[in-house]
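To keep things clear, I will list the structure first and then write my remarks on it.
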Amino acid sequence: EDQVTQSPEALRLQEGESSSLNCSYTVSGLRGLFWYRQDPGKGPEFLFTLYSAGEEKEKERLKATLTKKESFLHITAPKPEDSATYLCAVQERTGSGYSTLTFGKGTMLLVSP
Amino acid sequence: DAGVTQSPTHLIKTRGQHVTLRCSPISGHKSVSWYQQVLGQGPQFIFQYYEKEERGRGNFPDRFSARQFPNYSSELNVNALLLGDSALYLCASSLDNRYTFGSGTRLTVV
(Lines give C-alpha, C1' and ligand atoms only; values in the text may rest on other atoms or scores of the structure.)
Protein backbone atom coordinates (compact mmCIF):
# COMPACT_ATOMS: atom_id res chain seq x y z
CA GLU A 1 0.00 0.00 0.00
CA ASP A 2 1.33 3.42 -0.99
CA GLN A 3 2.05 5.71 1.93
CA VAL A 4 1.59 8.83 -0.19
CA THR A 5 -1.07 9.19 -2.89
CA GLN A 6 -1.39 12.29 -5.03
CA SER A 7 -4.37 13.24 -7.15
CA PRO A 8 -5.08 14.00 -9.85
CA GLU A 9 -2.17 12.51 -11.79
CA ALA A 10 -2.44 15.31 -14.32
CA LEU A 11 -4.35 18.59 -14.39
CA ARG A 12 -4.84 21.05 -17.20
CA LEU A 13 -6.00 24.57 -16.30
CA GLN A 14 -6.61 27.76 -18.17
CA GLU A 15 -4.64 30.77 -17.00
CA GLY A 16 -6.49 32.30 -14.05
CA GLU A 17 -8.50 29.13 -13.31
CA SER A 18 -7.88 28.27 -9.64
CA SER A 19 -7.73 24.65 -8.43
CA SER A 20 -6.32 22.34 -5.78
CA LEU A 21 -3.97 19.36 -5.74
CA ASN A 22 -4.42 16.63 -3.15
CA CYS A 23 -1.90 14.56 -1.20
CA SER A 24 -3.23 11.85 1.11
CA TYR A 25 -0.90 9.94 3.41
CA THR A 26 -0.95 6.93 5.71
CA VAL A 27 1.95 7.10 8.16
CA SER A 28 1.62 6.32 11.85
CA GLY A 29 3.41 9.43 13.04
CA LEU A 30 3.94 12.39 10.76
CA ARG A 31 7.05 14.43 11.39
CA GLY A 32 6.60 16.70 8.38
CA LEU A 33 4.90 17.01 5.01
CA PHE A 34 6.81 18.60 2.18
CA TRP A 35 5.73 20.10 -1.15
CA TYR A 36 8.18 20.41 -4.02
CA ARG A 37 7.93 21.69 -7.59
CA GLN A 38 9.84 19.85 -10.31
CA ASP A 39 10.48 21.07 -13.83
CA PRO A 40 11.33 18.52 -16.55
CA GLY A 41 14.87 17.18 -16.23
CA LYS A 42 15.52 19.17 -13.05
CA GLY A 43 15.70 18.36 -9.36
CA PRO A 44 12.77 19.10 -7.04
CA GLU A 45 12.56 22.70 -5.80
CA PHE A 46 11.41 23.19 -2.20
CA LEU A 47 8.09 24.97 -1.68
CA PHE A 48 6.73 24.28 1.82
CA THR A 49 7.03 22.14 4.94
CA LEU A 50 3.97 21.60 7.15
CA TYR A 51 4.25 20.02 10.58
CA SER A 52 0.85 19.91 12.24
CA ALA A 53 -2.82 19.66 11.32
CA GLY A 54 -4.35 23.06 10.73
CA GLU A 55 -1.09 24.62 9.59
CA GLU A 56 -1.13 26.72 6.41
CA LYS A 57 1.68 28.31 4.40
CA GLU A 58 1.56 30.64 1.40
CA LYS A 59 3.95 31.68 -1.32
CA GLU A 60 2.78 33.89 -4.17
CA ARG A 61 -0.12 32.02 -5.87
CA LEU A 62 0.37 28.84 -3.82
CA LYS A 63 -1.12 27.91 -0.46
CA ALA A 64 -0.54 24.60 1.30
CA THR A 65 -2.78 23.22 4.04
CA LEU A 66 -2.55 20.13 6.24
CA THR A 67 -5.07 17.87 7.99
CA LYS A 68 -4.46 14.61 9.84
CA LYS A 69 -4.89 12.58 6.67
CA GLU A 70 -4.15 14.85 3.73
CA SER A 71 -2.65 18.04 2.41
CA PHE A 72 -3.88 20.38 -0.28
CA LEU A 73 -1.89 22.65 -2.53
CA HIS A 74 -4.19 25.45 -3.66
CA ILE A 75 -3.21 27.36 -6.78
CA THR A 76 -4.92 30.72 -7.17
CA ALA A 77 -5.12 32.39 -10.61
CA PRO A 78 -2.31 30.24 -12.07
CA LYS A 79 0.00 31.45 -14.82
CA PRO A 80 1.69 29.37 -17.55
CA GLU A 81 4.96 29.53 -15.59
CA ASP A 82 3.28 27.51 -12.83
CA SER A 83 3.30 24.51 -15.18
CA ALA A 84 5.39 21.78 -13.54
CA THR A 85 5.08 18.52 -11.62
CA TYR A 86 4.18 19.06 -7.97
CA LEU A 87 5.52 16.44 -5.57
CA CYS A 88 4.33 15.72 -2.06
CA ALA A 89 6.57 13.89 0.44
CA VAL A 90 6.04 12.74 4.01
CA GLN A 91 8.62 12.36 6.73
CA GLU A 92 7.73 9.76 9.34
CA ARG A 93 8.70 9.83 12.99
CA THR A 94 11.13 7.01 13.77
CA GLY A 95 12.97 5.87 16.87
CA SER A 96 16.24 5.40 15.04
CA GLY A 97 17.26 9.04 14.99
CA TYR A 98 16.96 9.54 11.27
CA SER A 99 14.09 10.02 8.88
CA THR A 100 13.74 10.15 5.13
CA LEU A 101 11.26 11.53 2.65
CA THR A 102 8.69 9.24 1.04
CA PHE A 103 7.36 10.81 -2.14
CA GLY A 104 4.11 10.46 -4.04
CA LYS A 105 4.11 10.10 -7.81
CA GLY A 106 3.31 13.74 -8.35
CA THR A 107 0.68 15.81 -10.12
CA MET A 108 1.63 17.15 -13.54
CA LEU A 109 0.11 20.62 -13.93
CA LEU A 110 -0.23 22.34 -17.29
CA VAL A 111 -1.51 25.93 -17.37
CA SER A 112 -2.52 27.19 -20.80
CA PRO A 113 -2.52 30.91 -21.70
CA ASP B 1 25.74 30.49 -2.24
CA ALA B 2 26.20 27.47 -4.47
CA GLY B 3 23.45 24.91 -4.30
CA VAL B 4 23.83 21.15 -4.39
CA THR B 5 26.17 20.20 -7.22
CA GLN B 6 25.97 16.85 -8.97
CA SER B 7 28.22 15.39 -11.64
CA PRO B 8 28.08 14.29 -14.33
CA THR B 9 24.76 15.69 -15.58
CA HIS B 10 24.25 12.91 -18.11
CA LEU B 11 25.79 9.48 -18.49
CA ILE B 12 25.30 6.53 -20.84
CA LYS B 13 26.54 3.12 -19.70
CA THR B 14 26.30 -0.44 -20.99
CA ARG B 15 24.66 -3.27 -19.06
CA GLY B 16 27.10 -4.89 -16.64
CA GLN B 17 29.29 -1.81 -16.24
CA HIS B 18 29.60 0.17 -13.04
CA VAL B 19 29.07 3.87 -12.47
CA THR B 20 30.08 6.48 -9.89
CA LEU B 21 27.95 9.56 -9.34
CA ARG B 22 29.15 12.54 -7.31
CA CYS B 23 27.49 15.12 -5.11
CA SER B 24 28.72 18.25 -3.35
CA PRO B 25 26.33 19.51 -0.66
CA ILE B 26 25.58 23.08 0.28
CA SER B 27 28.32 24.51 2.46
CA GLY B 28 27.56 23.75 6.10
CA HIS B 29 25.24 20.83 5.35
CA LYS B 30 26.52 17.61 6.93
CA SER B 31 23.78 15.27 5.72
CA VAL B 32 23.48 13.92 2.20
CA SER B 33 20.75 11.66 0.81
CA TRP B 34 20.48 9.88 -2.52
CA TYR B 35 17.23 9.24 -4.40
CA GLN B 36 16.38 7.43 -7.63
CA GLN B 37 13.62 8.84 -9.81
CA VAL B 38 12.31 6.68 -12.63
CA LEU B 39 10.38 8.50 -15.36
CA GLY B 40 6.84 9.24 -14.26
CA GLN B 41 7.46 8.35 -10.61
CA GLY B 42 8.38 10.23 -7.48
CA PRO B 43 11.93 10.01 -6.09
CA GLN B 44 12.69 6.85 -4.12
CA PHE B 45 15.10 6.87 -1.17
CA ILE B 46 18.41 5.00 -1.61
CA PHE B 47 20.83 6.17 1.13
CA GLN B 48 21.31 8.80 3.79
CA TYR B 49 24.68 9.80 5.25
CA TYR B 50 25.43 12.07 8.17
CA GLU B 51 28.92 12.97 9.31
CA LYS B 52 30.36 10.24 7.04
CA GLU B 53 28.23 7.49 8.57
CA GLU B 54 25.38 5.66 6.86
CA ARG B 55 22.16 6.56 8.65
CA GLY B 56 19.68 4.79 6.44
CA ARG B 57 19.32 2.57 3.41
CA GLY B 58 16.27 2.12 1.19
CA ASN B 59 15.04 -1.04 -0.49
CA PHE B 60 17.79 -1.31 -3.10
CA PRO B 61 20.07 -4.27 -3.90
CA ASP B 62 23.67 -4.54 -2.70
CA ARG B 63 24.83 -3.41 -6.14
CA PHE B 64 24.15 0.09 -4.82
CA SER B 65 26.66 1.56 -2.39
CA ALA B 66 27.66 5.01 -1.26
CA ARG B 67 30.07 6.88 0.94
CA GLN B 68 30.58 10.35 2.35
CA PHE B 69 33.94 12.08 2.55
CA PRO B 70 35.41 14.34 5.29
CA ASN B 71 34.36 17.42 3.29
CA TYR B 72 30.75 16.01 3.30
CA SER B 73 30.71 15.36 -0.45
CA SER B 74 29.35 11.97 -1.43
CA GLU B 75 29.57 9.29 -4.09
CA LEU B 76 26.94 6.80 -5.19
CA ASN B 77 28.26 3.64 -6.84
CA VAL B 78 26.21 1.17 -8.82
CA ASN B 79 27.75 -2.13 -9.98
CA ALA B 80 26.58 -4.60 -12.64
CA LEU B 81 24.22 -2.09 -14.22
CA LEU B 82 20.82 -3.27 -15.42
CA LEU B 83 18.51 -1.61 -17.92
CA GLY B 84 16.15 -0.90 -15.03
CA ASP B 85 18.78 1.29 -13.36
CA SER B 86 18.11 3.96 -16.00
CA ALA B 87 16.80 6.93 -14.02
CA LEU B 88 17.47 10.41 -12.71
CA TYR B 89 19.66 10.12 -9.61
CA LEU B 90 19.12 12.95 -7.16
CA CYS B 91 21.27 14.08 -4.29
CA ALA B 92 19.85 16.18 -1.47
CA SER B 93 21.72 17.92 1.31
CA SER B 94 19.86 18.87 4.45
CA LEU B 95 20.12 21.16 7.44
CA ASP B 96 17.45 21.76 10.09
CA ASN B 97 15.07 19.41 8.26
CA ARG B 98 15.24 21.44 5.05
CA TYR B 99 16.15 19.23 2.08
CA THR B 100 17.68 20.89 -0.98
CA PHE B 101 18.04 18.82 -4.13
CA GLY B 102 20.58 19.02 -6.91
CA SER B 103 19.63 18.92 -10.58
CA GLY B 104 20.47 15.23 -10.75
CA THR B 105 22.44 12.87 -12.95
CA ARG B 106 20.51 11.31 -15.83
CA LEU B 107 21.80 7.73 -16.19
CA THR B 108 20.89 5.74 -19.28
CA VAL B 109 21.81 2.05 -19.38
CA VAL B 110 21.83 0.49 -22.86
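Per chain, numbering begins at 1; letters A, B, ... match sequence-line order. Not measured: the values here are computed from a predicted model.
When heavy atoms are compared at a cutoff of 4.5 Å, A:Q91 approaches chain B solely by way of its side chain, counted from C-beta outward. Using a 4.5 Å cut-off between heavy atoms, A:Y51 contacts chain B through its side chain alone, with no backbone atom that close. Heavy atoms closer than 4.5 Å to chain A are found nowhere in B:Q44, neither backbone nor side chain.
Side-chain heavy atoms closer than 4.5 Å link hydrophobic residues (I, L, V, M, F, W, Y) into clusters, and following such links, even through other members, never connects B:Y72 to B:Y49. Grouping the Ile, Leu, Val, Met, Phe, Trp and Tyr side chains by contacts below 4.5 angstrom, directly or via other members, places A:Y86 with A:L13. Taken together through direct or relayed side-chain contacts under 4.5 Å among Ile, Leu, Val, Met, Phe, Trp and Tyr, A:L11 and A:F72 form parts of separate hydrophobic clusters. B:W34 and B:L11 end up in the same hydrophobic cluster when Ile, Leu, Val, Met, Phe, Trp and Tyr side chains are linked at under 4.5 Å. Linking Ile, Leu, Val, Met, Phe, Trp and Tyr whenever their side-chain heavy atoms come within less than 4.5 Å leaves B:V38 and B:V19 in two separate clusters.
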Please step through side-chain contact (heavy atoms from CB on, under 4.5 Å) for the pair A:R31 and B:N97, ending with a clear verdict. CA-CA 10 Å; A:R31 185 180 177 198; B:N97 211 37; 4.0 Å; yes
Quick one: side chains of residues 81-94 of chain B, donor-acceptor pairs under 3.5 Å with protein atoms, not counting sequence neighbours, listed by atom name and distance.
from: B:D85; atom 1: OD1; to: B:R63; atom 2: NH2; distance (Å): 3.1
from: B:D85; atom 1: OD2; to: B:R63; atom 2: NH1; distance (Å): 2.8
from: B:D85; atom 1: OD2; to: B:R63; atom 2: NH2; distance (Å): 3.4
from: B:D85; atom 1: OD2; to: B:L82; atom 2: N; distance (Å): 2.8
from: B:S86; atom 1: OG; to: B:L83; atom 2: O; distance (Å): 3.0
from: B:S86; atom 1: OG; to: B:V109; atom 2: N; distance (Å): 2.8
from: B:Y89; atom 1: OH; to: B:Q36; atom 2: NE2; distance (Å): 2.9
from: B:Y89; atom 1: OH; to: B:D85; atom 2: O; distance (Å): 2.7
from: B:S93; atom 1: OG; to: B:I26; atom 2: N; distance (Å): 3.3
from: B:S93; atom 1: OG; to: B:H29; atom 2: ND1; distance (Å): 2.8
from: B:S94; atom 1: OG; to: B:S31; atom 2: OG; distance (Å): 3.4

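Within 6.0 Å of atom CZ in A:R12, 12 or fewer heavy atoms from other residues, nucleotides or ligands are found, so the atom counts as exposed in its surroundings. In the displayed structure, A:K57 atom NZ is contacted under 6.0 Å by more than 12 heavy atoms of other residues, nucleotides or ligands. Around the CD atom of B:E53, the shell of radius 6.0 Å holds no more than 12 heavy atoms that belong to other residues, nucleotides or ligands. In the displayed structure, A:E81 atom CD is contacted under 6.0 Å by more than 12 heavy atoms of other residues, nucleotides or ligands. Few gaps surround CG on B:N71; more than 12 heavy atoms of other groups in view lie less than 6.0 Å from it.
Among B:Q6, B:Q37, B:R98, B:Q48, the residue making the largest number of heavy-atom pairs under 4.5 Å with chain A is B:R98. Between chain A and the residues B:G56, B:G102, B:S33, the most heavy-atom pairs under 4.5 angstrom are made by B:G56.
By a heavy-atom distance cut of under 4.5 Å, A:Y36, A:Q38, A:G41, A:K42, A:G43, A:P44, A:F46 are the residues of residues 36-47 of chain A near chain B, going up by number.
With rounding to the nearest 0.5 Å, the separation of CD in B:Q41 from CZ in A:F103 is 13.0 Å.
Partner of A:T100 under the side chain to side chain contact (heavy atoms under 4.5 Å, CB included) criterion, chosen from B:F47, B:Y99, B:F45: B:F45.
Between the side chain of B:Y35 and the backbone N or O of A:L101, at least one donor-acceptor pair lies under 3.5 Å.
Counting all heavy atoms, side chain and backbone alike, B:G42 lies closest to A:L87 at CA-CD2, 4.2 Å.
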